[in-house]
Amino acid sequence: MVVITLQRNKCIGCNYCVELAPDQFRMSKKDGKSVLLKATDKKGFHTLKSPDHSIAEASEAAAKACPVKIISVKEI
């Protein structure tokens, strides 16, 4: 299981996550912030749980590239 978490309210809209993991992230046309696709929102933490381990590598690259460090990726 891969768990990806995004603290969307702290997003600065740099677009690195979309460039590195386009299957998981999109930029919102409303506010210019990143959106974690197919995620659930709990108090500003958007979380995606997926059994597909193939998304981990791109998501980890996005987490490392994020200048405000608001993306976390865990494999369990």
Side-chain angles (χ1 to χ4, degrees):
M1 182 75 68
V2 178
V3 180
I4 305 167
T5 304
L6 169 70
Q7 287 179 273
R8 191 171 187 279
N9 58 336
K10 295 183 179 180
C11 179
I12 61 170
C14 71
N15 203 44
Y16 289 144
C17 57
V18 176
E19 290 177 23
L20 294 168
D23 293 335
Q24 282 73 55
F25 297 95
R26 294 278 188 273
M27 295 307 286
S28 170
K29 291 181 181 173
K30 290 182 183 177
D31 62 8
K33 293 185 177 188
S34 179
V35 175
L36 180 57
L37 302 175
K38 301 176 187 167
T40 56
D41 177 20
K42 281 191 181 173
K43 298 181 181 178
F45 288 86
H46 297 256
T47 305
L48 169 67
K49 294 179 181 178
S50 173
D52 183 5
H53 285 272
S54 68
I55 66 172
E57 187 176 338
S59 299
E60 286 171 359
K64 286 178 185 173
C66 180
V68 287
K69 304 299 180 205
I70 58 170
I71 302 169
S72 70
V73 181
K74 294 179 186 173
E75 290 191 69
I76 47 176

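Only a predicted model underlies this, so the values are computations on that prediction, with no experimental measurement involved.
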**Fill in**
Residue set satisfying side chain to side chain donor-acceptor pair (under 3.5 Å) with S54, at least two apart, ordered chain then number -> D52
**Request:** Go through the structure and list residues passing side chain to side chain donor-acceptor pair (under 3.5 Å) with S28, not counting sequence neighbours.
**Result:** D31
Calculate, to the nearest 0.5 Å, the distance between atoms [atom1] and [atom2] belonging to [X] and [Y] respectively.
| X | Y | atom1 | atom2 | answer |
| --- | --- | --- | --- | --- |
| E19 | C14 | CD | SG | 8.0 Å |
| K38 | D23 | NZ | CG | 8.5 Å |
| K33 | H46 | NZ | NE2 | 9.5 Å |

**Prompt:** With ILVMFWY side chains joined below 4.5 Å, transitively, what does I71's cluster contain besides itself?
**Reply:** V2, I4, L6, I12, V18, F25, M27, L36, L48, I55, V68, I70, V73
**Item:** Min side-chain heavy-atom separation Y16-P67 under 4.5 Å
**Value:** yes
**Prompt:** Among pairs that include at least one residue of residues 57-76, which meet salt bridge (charged side-chain N to carboxylate O under 4.0 Å, His left out), considering only residues two or more places apart or in two chains?
**Reply:** none
**Message:** Using the side chain to side chain contact (heavy atoms under 4.5 Å, CB included) criterion, which residues pair with K49? Sequence neighbours excluded.
**Reply:** M1, V3, T47
**By side chain to side chain contact (heavy atoms under 4.5 Å, CB included) - contacts of N9 (at least two apart)** = Q7
**Message:** If we ignore hydrogens and angles and just use 3.5 Å, is the side chain of R26 paired with the main-chain N or O of S34 as donor and acceptor?
**Reply:** no
**Request:** Identify the heavy atoms of Q24 and S59 that sit nearest to each other, and give their distance.
**Result:** OE1-OG, 3.6 Å
**Prompt:** Which atoms form the tightest heavy-atom contact between A21 and A58, and what is the distance?
**Reply:** CB-O, 3.7 Å
